[in-house]
Amino acid sequence: MAQQKKMVEDITSMDVDFAKWYTDVIKKAELVDYSSVKGCMVIRPYGYAIWENIQKDLDARFKELGHENVYMPMFIPESLLQREKDHVAGFAPEVAWVTQGGNEQLSERLCVRPTSEVLFCEHYKNIIHSYRDLPKLYNQWCNVVRWEKTTRPFLRTSEFLWQEGHTMHETEQDAREETLRMLKVYENFYRETLAIPAIVGQKTEKEKFAGAIETYTIEPMMHNGVALQGGTSHYFGDGFAKAFDITFTDRNNKPQFPHQTSWGVSTRMIGAIIMTHGDDNGLVLPPRVAPTQVVIIPVAMHKEGVLEKANELFSSLKKSFRVKLDDSDNSPGWKFSEYEMKGVPIRLEIGPKDIENNQCVLVRRDNNEKIFVSLESLEQSISDTLDEVHNGLYARALQNLKEKTFEARNYDEFLDTAKNHPGFIKAMWCGDAQCETKIKDETGGVKSRCIPFDEDSISEVCACCGKPAKHLVYWGKQY
RNA sequence: CGAGGUGUGGCUCAGCUUGGUAGAGCGCUGCGUUCGGGACGCAGAGGUCGUGGGUUCAAAUCCCGUCACCUCGACCA
């Protein structure tokens, strides 16, 4: 990342303490507040506005592909959760239970949903009878609860917001295609909207979702080289359908089990945005989700005509962009810092000198570049600059991903890289979970991220045990 | 769940060793001067010292318990 002069003293430098930097940024940018419930956060208006922009974009992508939104209950009776044994075994340790309603002890305790597969299955059993009822392409936007031991705002909270798509298909092939199609939607969304590059691929047996046959994942790398599981898409086969006795009559009048998928992304993406693009001056938001794309700061507001001109700009620009005019009586310098911390992509300064010359000053958040723009061509300049910022952020993140991706051909190389170079390690793997466990234990937490789709081979043998290799795997520490 | 740390105006903390009128900076409110990179002056508001018990004439300070939060490890979108 290009070195910039540090303008804000309230934020710990990333190189000094990345975790502290992260906390400072979310506080100074007013994204969240802590609440009185352990591990739960208040998402403040500025943070929630980012989520709303994410929702709007993703929701349109889902609907474009024929998905419909629904809402399921937030409680799951214990007996329902127990239906699919791998699933319950995976989630039971982190489930919150409701045992009492009013003053009455419940006859069966209710789980607060950690994910809604079983609720969808229960419903699908009632509405799927014929191949004509398929596919069912449902999605819901909701909150889920997972009782986490250690929490961090956005990255891991006890309650979080997400979307979960749950689909049922006539054939295995249809379901498999859906699984990969939605993974692609996530990949495109990360690139086109969040300006975040990522490795995509398949999770190993050890890392896959509880109850799934295959799990696919998108794994962006944070600025410090640590991975974040950014979204997952699962192929379930007909395992849940059998457990829930969901059947339909096929084209040959034969009973069949439908094939199922689920896929989700969460508010964790906001954490990814912060840790991918942010710098020592605070948040840097990708323009397509920034709640405010352009902030107008009048300079010498008390002087004749300044505020009027600023208002004029505001009225005309707000037709095309998300614009804010800050006419509070803080000093201009204070405002500059404020909107830098909040990551607003473009700042416009308008003062008496500019008005004289029919221009304003346009400053980019990502590289602090300052240019004078004539008011006639302002709208075009902003539009172009927002695209440039998006592309610049993506390029910078891609460079970071490449610079911090290493290869290891044997175990010594692997351990050395894991110890000395934060980032991803590409290494061959024999397919044995024992090697994953060994690596995790001996490196202090390096896990397999995924098996990428376009695997190249960098060696014939497993980098851990030396037996014949089956796959290339990306490895890394994760949040 | 294991190991460490912290609880004092809204925030960051000092005060505790050696018990005796509860402090500072920032923020907040009002007025005035400022305004192109976190301006300044004056006046003001605001604290059951996390919580329960104990010792004492007297506890933010000493003793015992308890709760919450933070950091680091084992589990996870």
Side-chain angles (χ1 to χ4, degrees), chain A residues 4-11 17-20 22-24 27-28 33-40 89-95 113-116 143-164 186 203 206-210 215 217-220 227-234 262-272 281-282 297-303 306-307 326-341 347-355 360-361 363 368 370 372 437 440-441 444-445 447 477-479:
Chain A
Q4 280 181 20
K5 190 171 153 228
K6 189 161 158 27
M7 307 268 187
V8 177
E9 299 305 323
D10 298 349
I11 295 174
D17 184 343
F18 196 79
K20 183 84 165 32
Y22 180 78
T23 323
D24 286 347
K27 276 192 294 192
K28 296 304 289 186
D33 190 20
Y34 289 93
S35 77
S36 55
V37 183
K38 178 179 156 51
C40 295
F91 280 101
E94 49 183 33
V95 154
R113 63 180 166 212
T115 179
S116 306
N143 60 341
V144 288
V145 169
R146 298 182 188 178
W147 217 255
E148 300 286 356
K149 305 264 200 257
T150 307
T151 59
R152 220 197 281 244
F154 293 120
L155 302 178
R156 192 185 300 114
T157 46
S158 300
E159 178 191 12
F160 57 91
L161 306 183
W162 77 344
Q163 60 69 217
E164 46 178 334
Y186 291 151
K203 283 289 189 191
K206 182 172 155 56
E207 297 294 329
K208 76 180 191 187
F209 182 84
T215 289
T217 182
I218 174 162
E219 302 274 336
L228 189 72
Q229 186 168 303
T232 45
S233 185
H234 314 290
S262 82
W263 26 274
V265 291
S266 71
T267 35
R268 177 180 269 185
M269 283 190 290
I270 297 174
N281 292 322
I297 299 180
V299 175
M301 281 194 306
H302 60 292
K303 297 249 172 79
V306 172
L307 210 46
D326 187 344
D327 57 0
S328 71
D329 56 8
N330 290 308
S331 73
W334 186 92
K335 292 175 188 172
F336 298 164
S337 302
E338 178 69 10
Y339 296 103
E340 262 153 28
M341 290 190 293
R347 174 175 88 230
L348 297 181
E349 302 171 20
I350 179 100
K353 283 183 261 175
D354 300 309
I355 294 171
C360 70
V361 180
V363 187
N368 213 35
K370 203 178 255 203
F372 293 93
T437 306
K440 188 181 151 203
D441 290 346
K447 289 160 82 170
K477 290 189 183 175
Q478 70 168 2
Y479 275 102

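Atom set for the values below is all heavy atoms of this structure, side chains included, hydrogens, waters and symmetry mates excluded.
- Under the side chain to side chain donor-acceptor pair (under 3.5 Å) criterion, A/Ser233 pairs with no residue at all, not counting sequence neighbours.
- A/Tyr339 meets the ring pair (Phe, Tyr, Trp, His ring centres under 6.0 Å) test with no other residue; sequence neighbours excluded.
- One atom, CG of A/Asp329, and another, C1' of B/U29, lie 13 Å apart when rounded to the nearest Å.
- Across the protein-nucleic acid pair, A/His302 atom NE2 and B/C35 atom P stand 6 Å apart, rounded to whole Å.
- Candidate nucleotides B/G37, B/G38, B/C35 were compared by shortest atom distance to the side chain of A/Val299, and B/C35 ranks first.
- Qualifying side chain to side chain contact (heavy atoms under 4.5 Å, CB included) partners for A/Lys20, counting only residues two or more places apart in sequence or in other chains: A/Thr12, A/Asp17, A/Asp24.
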N/O to N/O distances under 3.5 Å, protein versus nucleotides 71-77 of chain B:
| from | atom 1 | to | atom 2 | distance (Å) |
| --- | --- | --- | --- | --- |
| B/A74 | N6 | A/Thr150 | OG1 | 2.8 |
| B/C75 | OP1 | A/Lys440 | NZ | 2.5 |
| B/C75 | OP2 | A/Lys440 | NZ | 3.0 |
| B/C76 | O2 | A/Arg156 | NE | 3.1 |
| B/C76 | N3 | A/Arg156 | NE | 3.0 |
| B/C76 | N3 | A/Arg156 | NH2 | 3.1 |
| B/C76 | N4 | A/Arg156 | NH2 | 3.2 |
| B/A77 | O3' | A/Gln229 | NE2 | 2.0 |
| B/A77 | O2' | A/Gln229 | O | 3.2 |
| B/A77 | O2' | A/Arg268 | NH1 | 3.4 |
| B/A77 | N6 | A/Thr157 | N | 3.1 |
| B/A77 | N6 | A/Thr157 | O | 2.9 |
| B/A77 | N3 | A/Ser266 | OG | 3.0 |

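- For A/Tyr479, the ring pair (Phe, Tyr, Trp, His ring centres under 6.0 Å) test picks out no residue, with sequence neighbours left out.
- Residues satisfying the side chain to side chain donor-acceptor pair (under 3.5 Å) criterion with A/Glu349, sequence neighbours excluded, are A/Arg347.
- Pairing for B/A68 goes to B/U6, judged as Watson-Crick or G-U wobble with the two contacts each under 3.5 Å.
- In the set B/G37, B/G38, B/C35, B/G38 carries the atom at the smallest distance from any side-chain atom of A/Lys28.
- The pair A/Lys203-A/Glu219 meets the salt-bridge criterion, with a side-chain N (NZ, NE, NH1 or NH2) lying under 4.0 Å from an Asp/Glu carboxylate O.
- Contact of A/Asn330 with B/G38 (side chain to base): no donor-acceptor pair of N or O atoms is detected under 3.5 Å.
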